[in-house]
Number of protein chains: 2
Amino acid sequence: MEEKNIITGENINSHLKDIEEHSKIAVSVDCVIFGYDMEELKVLTISCNMDPYKGLPSLIGDLVNEYEDLDQAAKRILKERTGIDNLYLEQIKSFGKVDRHPLGRVITVTYFALVKKEDYTSNGTRPAVNSKWIALSQINEMAFDHLNITNVALDTLRKKLLECPIWMKLLPVDFSLPELQHLFETIIGIPLDKRNFRKKILSLDIIQESGKKQKDVPHRPANLYRVNQKKLKKEYSFLLKNPFHHG
Amino acid sequence: MEEKNIITGENINSHLKDIEEHSKIAVSVDCVIFGYDMEELKVLTISCNMDPYKGLPSLIGDLVNEYEDLDQAAKRILKERTGIDNLYLEQIKSFGKVDRHPLGRVITVTYFALVKKEDYTSNGTRPAVNSKWIALSQINEMAFDHLNITNVALDTLRKKLLECPIWMKLLPVDFSLPELQHLFETIIGIPLDKRNFRKKILSLDIIQESGKKQKDVPHRPANLYRVNQKKLKKEYSFLLKNPFHHG
DNA sequence: ACACTTAGTGTCTCCAGTACACAATCTAAT
DNA sequence: ATTAGATTGTGTACTGGAGACACTAAGTGT
């Protein structure tokens, strides 16, 4: 049986036009945008108005243009929909069931993004029309296969959280250890021991006291910490140049 | 600014034809097929004959058809190129730089697969024309972005190897502990302590003595083990139904 | 000044990872 | 039959991180 394959370059007898005529498949990017308001973990959604999913929350996404890289597309979508540049962004995986989109064959490449609520609500942002933060605990149905995608994104986030300090992308510059612990508990879903948590985090040498204290709380104020930039640069430099941690 | 988005279903004013006209982008699947001959870790490649990569090794891949899921496409390609059904198969990630393919815009979704050499060389297989196993240590250049893809696949394999017993997909039914250790050392790239390795593996309760011994070796023969199917079913069932471990 | 709320701290136990050396079993050669 | 050569197979002691656990400190509001 003769081989002919324009992808791998065996026995070429085709050119650009062949490829474009092959492509009855559209490619989209969908982003699971996680936000944290010091209370709950939320996802940015919009309301779908396409049958049969009308009214259900949907992830933020768009088709990929012919002249932009996948990562660029994700970045563009985030910029368009949240107004923020330089979010933390990481590819998860691609979903390509034939019938996943009612209007035709659309393969979607998914990303997850982390947003500080303080950035999202700051000046200069232009949130998508009708976009809405929904707490993960409140989501039980979504349009398309987006609930599945969201769950995969959450798994990825959980794994990642234990590997490197991406949590910094969800917290303000100054934060307290109890706040950090609450973030962990919210994402991982199980309560943690206060003393062991502090011991562990401090031993990583990734944060340092800022000298400041909490204000306007009706109880003993917590010390505020911030990320140790030197350590960060040394061991987790990919978290500085924000977008796209490859590997 | 008005929103209009056929992906998420805001203000729909388009239908199937719109999507297909949008798609100037082709989608391919490329597989990093790992094989192990009890000596080295190898990758199945074919020779590219497309400029400017003529002569370089290329991964096994093909365009995705309009009517097949991504996973089905990967499975089809593996079947076509190795003749084997039911390989272990797992999606890695997608690569979509605009200029990654000289013939046009092609986004590729990549998978890695694990093959026992004994399966590959058994009857009934119909390997791709000109396909060739190349030891990872011998690869320093590949066509397209395939070297990058291969490296990402190797990273994924290394991580996975420490999480679950996918190594069984690279070994014969009966294998010795020294053989298993050599496989680990080959993939991870660092030598391991014999006693600690055995202690660790045996403590997992995932393998059991087969009763047999090595034959035809010019030294003390090793005991042969095989995978404990009950334990496997209980804790790693996704390794049984071979293809596609999601999550 | 007292009650209330949350922050902050140290020790002990247990287990998993690591380092490490010698006896046992087979083949091949003499 | 004995010996040399090769590789398999085995146990113990040390170390460091994870986990369990209870009280004092520092603020606020009344």
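Letters A, B, ... mirror the listed sequences (proteins, then strands); counts begin at 1. None of the values given here were measured: they were computed from a predicted structure.
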*Please state how far atom CG in A/Asn196 lies from atom C1' in C/dG8, giving the value in whole angstrom units.*
14 Å
*Calculate the interatomic distance between B/Ile201 atom CD1 and D/dT10 atom P; express it in whole Å.*
15 Å
*asked:* Quick check for you: among C/dG8, D/dA26, C/dA19, whose closest atom lies nearest to any side-chain atom of A/Pro221?
replied: D/dA26
*Can you tell me how far P of D/dG27 sits from CG of A/Leu224, to the nearest Å?*
13 Å
*DNA chain D: 5'-proximal contact among A/His219 and B/Leu202 (nearest heavy atom)*: B/Leu202
*Whole angstrom is fine here: how far is it from CZ in A/Phe197 over to P in C/dT9?*
14 Å
*Nearest-Å distance for atom pair CG/C1', residues A/Leu162 and D/dG17*: 15 Å
*Examine distances only and state if a side-chain atom of A/Ser203 and a backbone atom of A/Lys200 form a donor-acceptor pair shorter than 3.5 Å.*
yes
*Rounded to whole angstroms, how far apart are CZ on A/Arg198 and P on D/dA20?*
18 Å
*The side chain of A/Arg195 lies closest to which of these nucleotides: D/dA22, D/dT10, C/dG8?*
D/dA22
*Check every atom of C/dA28, C/dG10, D/dT28 against the side chain of B/Pro218 and return the nucleotide holding the closest atom.*
C/dA28
_Without decimals, in angstroms, what is the distance between B/Gln181 CD and D/dG9 C1'?_
12 Å
*May I ask you to verify whether the side chain of A/Lys199 and the base of C/dT11 hold a donor-acceptor pair under 3.5 Å?*
yes
_Pair of N/O donor and acceptor under 3.5 Å linking C/dA23 base with B/Arg220 side chain_ = no
*asked:* Can you see whether B/Phe197 has B/Lys199 sitting over its ring - NZ or CZ less than 6.0 Å from the centre and within 45° of the normal?
replied: no
*Is there a donor and acceptor pair, one atom on the side chain of A/Asn223 and one on the base of C/dA7, closer than 3.5 Å?*
no
*Do the numbers put A/Lys93 on top of the ring of A/Phe95, so that NZ or CZ is under 6.0 Å from the six-membered ring centre and no more than 45° off the axis?*
yes
_Let me spell it out: for each of B/Lys200 and B/Lys194, pick the nucleotide of DNA chain C with the closest heavy atom. Which residue's pick is nearer the 5' end?_
B/Lys200
_Ring centers of A/Tyr36, A/Trp133 separated by less than 6.0 Å_ = no
*Quick one: the side chain of A/Asp193 and the base of D/dA18, do they pair up donor-acceptor inside 3.5 Å?*
no
*Taking the side chain from A/Lys116 and the backbone from A/Leu171, do they hold a donor-acceptor pair closer than 3.5 Å?*
yes
*How close or far is atom P of C/dT6 from atom CG of A/Asp216, stated in whole angstroms?*
16 Å
*Check whether the side chain of A/Lys215 and the base of D/dG27 form a donor-acceptor pair under 3.5 Å.*
no
